[in-house]
Amino acid sequence: MNSPKSHPLLLGALSLSVFFMSWIILTKAVGTKILPDPFQVIGEIIRLFKTPLSGRTLLEHVLFSLRRVLIAYGLAIVSGLPLGLMMGWSSLCRKIIGPIFEIFRPIPPIAWIPVAILWLGVAEGSKIYICYVGAFIILALNSFTGTRYVEPILINCARVLGANRKRLFLGVAVPAALPSIFAGLQNGMSMAWMCVLAAELVGGREGIGFIIIQGMNLDRPDMILAGMVVIGLLGALMAIVLRILEKVLCPWRRELV
Amino acid sequence: MTTYNPKTVTDQSGSHDPVKVKVRHLTKAYDELLVLNDISFDIRKGELLCIVGPTGCGKTTFLNCLTGFAPLTSGEILIDNEPGNLFRHNIGFVFQEPSTIPWLKVWDNVAFGLKIKKLPPPEVISRVEKMLDTVGLRRFVDYYPRELSASLEQRVALAREFAVKPDLLLMDEPYGQMDIKLRYYLEDEVRRIQMEEGTTVAFVTHNIEEAVYLADRILVLSQKPSTINEEVAIDLPRPRRFDAPEFVAIRNHVTEAIKWW
Amino acid sequence: MDDYILSCQDLTVSFKDSEPPVLRGLTLGVRENEFLVILGPGQCGKTVFLNCLAGLQLPTEGAVYYRHNKVVGPGRERGVVFQKYALFPWQTVLGNVAWGLKSQGVSKEKRRAIALKYIQLVGLSGFENAYPQTLSGGMKQRVGLARAYATGPKVLLMDEPFGALDAQTRYAMENELLILWEKEKRTVIFVTNNIEEAVFLGDRVILMSARPGRIKIEREILIPHPRSYTDPTFLALRQEISAETDLAL
Amino acid sequence: MSKTDPTSEVVGPEILSQRMGRGSPSPSSIELSTSAQLAPPKDRGGSKSGLLYFFHQFLRREYLSIISLIVFLLAWEGVCYFKIIGPYQLVPPTTVLKVFILKLTQVNPDGAYLWAHALSSLGLALLGFLGAALIGVPLGLFMGWYTRLNLVVRPIFDLIRPIPPIAWIPLAILWLGIGVKAKAYIIFLASFVPCVINSFTGIRLTNPILARVARVHGASDFTVFLKIGLPSAIPMIFNGLRLSLNAAWTTLVAAELVAASQGLGFMIQMGRRLARPDIVIVGMLTIGVLGALLSWGLSKAESHFVSSRRLT
């Protein structure tokens with residue numbers, strides 16, 4: 001690990017250029033019908049921005065997906081966090097809600113798609129519901145473990161300093177659980193994002209998932225890749241936003257690596 | 001109370017004692033922070049050298065330079081008149097931090113160094129068994145280190161390093177977490193092993209009493225950037241008594257030399 | 001038991017019925033403004049004993065009394081300094097020190113004033129807004145001391161507060177603790193496994209034995225402060241207590 | 001007063017009990033601290049009234065969980081029985097059980113037995129998962145140990161990582177058709193990422209002191225990797241495998257929903273098309289149970305590998 005510092009940026013740039021070069025060479029070998037080259041993909045993104053696909057431009061599709069994710073995510077925060085905190089803090093809650101939670105936990109949120117469609121139709125409802133399930137389980141689980149495994153010495157310390165049960169919860173358990181909760185917010189967001197994709201793949205006439213499934217139906221790999229690139233960018237963007245949020249809300253963790 | 005008059009140590013070249021470690025103009029800086037500033041001294045063969053100094057004065061850094069874990073900024077360190085090489089020199093290192101290997105049971109922990117050195121299995125077994133008795137770990141062979149208390153854990157690390165019979169034993173605050181009684185015993189044990197095997201020992205400690213009890217010579221480092229404040233040769237007869245006036249005088253003298261608060 | 005500020009009677013604690021009790025039949029009284037050191041080997045139940053005094057652990061048998069009142073839980077008159085600092089990582093130094101005052105319903109300005117006073121007293125002025133994880137071990141424990149002092153307890157319980165510090169920092173902290181104690185006299189019960197520390201600090205030292213934890217010997221230490229680590233009386237007393245400990249500590 | 005002490009007494013019974021272990025706090029110790037005030041010791045009958053005491057004991061009982069489950073099932077049954085939710089949306093648990101048993105021996109309406117669907121899904125998931133583990137774990141380990149390799153591979157890896165594996169489904173189908181190959185490819189992608197990341201983090205967390213212990217005795221870099229780095233990473237590797245397995249299972253269901261002719265995902269999709277909530281719910285529950293079984297199997301494998309006494 002003590003190897004002399006070789007220029008990390010240079011190596012990174014080198015590896016990326018090798019990656020794109022081999023992509024272009026591969027395109028030459030198999031033909032653009034199977035693998036379009038990076039320039040075509042960029043061109044396709046620009047085209048989708050200008051020309052509507054089934055009546056909507058790329059931006060509108062993105063906004064559709066984003067809206068679904070954010071509504072579901074908001075609902076999951078409002079319901080999942082308190083539930084997890086309660087289960088972590090009160091053994092009574094844990095014993096009553098725990099087993100029911102355990103039944104639903106192992107079912108992948110995507111497996112809810114058919115049932116959601118049966119219940120709520122193919123419209124917005126079912127898609128939001130699926131994203132909600134995905135984010136909810138992760139958020140509840142993370143806030144649960146966060147509060148449940150607070151260091152006992154901190155609780156003892158707070159009791160010695162005269163904290164009542166309410167302050168133990170709000171003043172110790174919740175802040176101690178914040179790092180875990182933020183990890184849950186990150187994972188929950190990427191899960192919600194994945195779920196909206198899956199839901200849009202299975203049925204729907206708008207959203208980014210629709211773009212890539214349409215690309216498959218039209219046999220247009222450049223369209224698929226364009227959709228994938230947009231999804232990747234959006235996902236990365238949201239992760240960054242959340243990370244900044246964590247730095248703002250948990251100032252004491254800033255000094256840590 | 002007897003006052004202690006330090007003898008000036010002039011014998012830098014070591015006229016009759018062959019030199020084990022030769023440190024010349026050792027300088028070590030981390031980025032802008034200068035830790036060790038142009039230090040030169042020798043460790044003679046079979047000598048027990050204690051290094052004391054104020055907190056954060058770079059004692060540990062020195063040991064890391066010696067083993068090559070930290071590259072030198074300038075100067076040189078020679079072991080047996082050649083640059084230190086971990087593949088060739090037989091070095092033992094007792095770390096200040098817990099350094100037992102958590103997934104190995106006590107027995108395998110003690111055998112770890114021997115197995116790395118690829119000693120024949122019968123030799124490994126006999127040395128490990130002997131070490132287990134020496135440090136009193138016989139009852140704990142089947143425990144994992146994390147099941148032991150801090151002081152027992154440190155004994156495992158000691159046994160592991162003693163077992164390889166190093167020519168050069170580096171000890172970084174090995175007894176920091178132990179209490180007086182156990183420390184006395186293990187201090188005597190280090191001394192005994194050193195005499196038996198002719199090991200050269202460099203012993204870093206915060207505890208001045210411990211340094212005076214053990215050392216043939218004490219090296220007092222100054223505050224960062226560290227230079228050698230003083231070398232104190234100790235020729236009290238052994239076993240030393242920590243309440244003897246001469247002992248107390250040297251102890252007070254060294255404490256004064258560190259002068260850190 | 002009249003003149004004792006904190007006392008315990010036949011204190012027994014056992015966690016499992018199958019094992020010998022951790023503490024058996026401890027009876028002990030602490031006088032007001034006394035510096036009592038409880039010395040014992042690892043795992044002898046010192047921490048459990050201290051937790052009983054703090055009210056964090058309820059005894060299986062016997063009871064702890066503060067003056068004449070039975071202790072059934074933590075209380076404002078007893079402050080604790082923990083071994084592993086136990087600082088709230090999400091609070092600054094100031095927030096940590098003022099934490100206990102908030103529970104007592106002290107107003108915001110007053111909390112701040114009291115906290116600043118104790119931060120200054122332990123020599124941490126300038127670090128009020130630092131977060132604990134940016135501090136060194138010695139500084140963290142100063143925060144711990146200030147926090148315990150700030151709530152105004154009559155008795156301070158200290159559980160190996162300097163156990164994780166290196167020897168030199170420990171010497172410095174021991175000196176500062178005594179200076180603080182001279183300035184603001186409190187009853188202190190100080191748990192340690194370090195004989196030297198015990199003899200240096202204590203008015204009285206109690207040596208405990210392990211499994212079951214009980215009092216082995218008790219020594220008054222009459223050497224006047226400031227004590228010297230190399231004073232012959234000091235060394236003799238240290239050796240005497242050391243001879244009584246039969247286990248590796 | 002010489003310091004040479006007899007050695008016979010030196011070894012003390014100093015084993016830390018698990019209760020006071022230095023690892024992460026065990027659940028029981030937290031229970032003790034958060035509700036110690038509520039848990040009355042043996043002889044404190046006087047301080048709390050007898051009735052309250054018994055009520056409290058009652059609340060602490062474990063059968064509360066069972067009651068809660070029964071209430072849940074009854075409510076479900078009731079909702080269906082009183083037609084609060086119609087039979088084309090939800091069927092009661094009794095029907096679910098009936099259909100589950102029926103589906104074991106009956107291919108209607110989706111063309112295969114339940115166990116055939118399950119086996120086909122399991123096989124695919126395991127195929128993709130094992131492939132990812134075999135390539136991803138070593139890659140992550142080497143990336144963590146050899147800085148240069150990391151610098152080269154990392155940018156490409158980071159470029160592909162934010163794309164959810166599900167987004168690959170259409171492309172995979174376009175390239176490889178709707179057969180086994182496309183699905184195996186997607187599952188491989190999905191489980192590859194957590195394998196790499198966790199092995200990477202695991203080996204990066206190697207305690208440098210332990211590496212020095214080996215190096216000081218003359219171990220070569222590769223020996224240090226094998227004897228120190230690899231064992232240090234094992235808990236994190238298993239963590240990664242667990243996440244991988246989850247991802248594999250989730251992605252498989254998604255892939256089968258989009259395009260398949262067999263498998264549990266296909267079965268629930270058919271159930272939806274035919275408006276048969278019973279089939280959908282049986283399928284969902286089977287997916288859940290099998291997923292839980294897979295992670296349980298992995299935990300068993302882990303405890304075989306890593307002694308629980310090791311702690312960290």
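Basis for what follows: all heavy atoms, side chains included, without hydrogens, waters or symmetry-related copies. In the text below, chain A, chain B and the rest are named by the order of the sequence lines, each starting its count at 1.
When side chains are defined from C-beta on, B:W103 counts as touching D:L210, because their heavy atoms get closer than 4.5 Å. Annotation: side chain of B:F95 is in contact with side chain of D:V213 (closest heavy-atom distance under 4.5 Å). Taking the side chain as every heavy atom from C-beta outward, B:F69 and D:R215 approach each other to under 4.5 Å.
Contact detail for D:G218 and B:I116: the closest heavy-atom pair is C-CG2, 4.3 Å.
The line from CZ of D:R212 to CG of B:L63 is 10.5 Å long, rounded to the nearest 0.5 Å. Separating the CG atom in B:D172 from the CD1 atom in D:I209 is a distance of 8.5 Å, to the nearest 0.5 Å. Atoms CD1 and OG, on B:I101 and D:S232 in that order, are 9.0 Å from each other to the nearest 0.5 Å.
Identified under the side-chain hydrogen bond (donor to acceptor under 3.5 Å, both in side chains) test for residues 156-165 of chain B, with sequence neighbours left out: B:S99-B:R160, B:E161-D:H217.
Options B:L186, B:N64, B:N90 differ in how many heavy-atom pairs under 4.5 Å they form with chain D, and the most are formed by B:N64.
By the neighbour-count criterion of 12 heavy atoms within 6.0 Å, atom NZ of B:K117 is densely surrounded, having more than that number from other residues, nucleotides or ligands.
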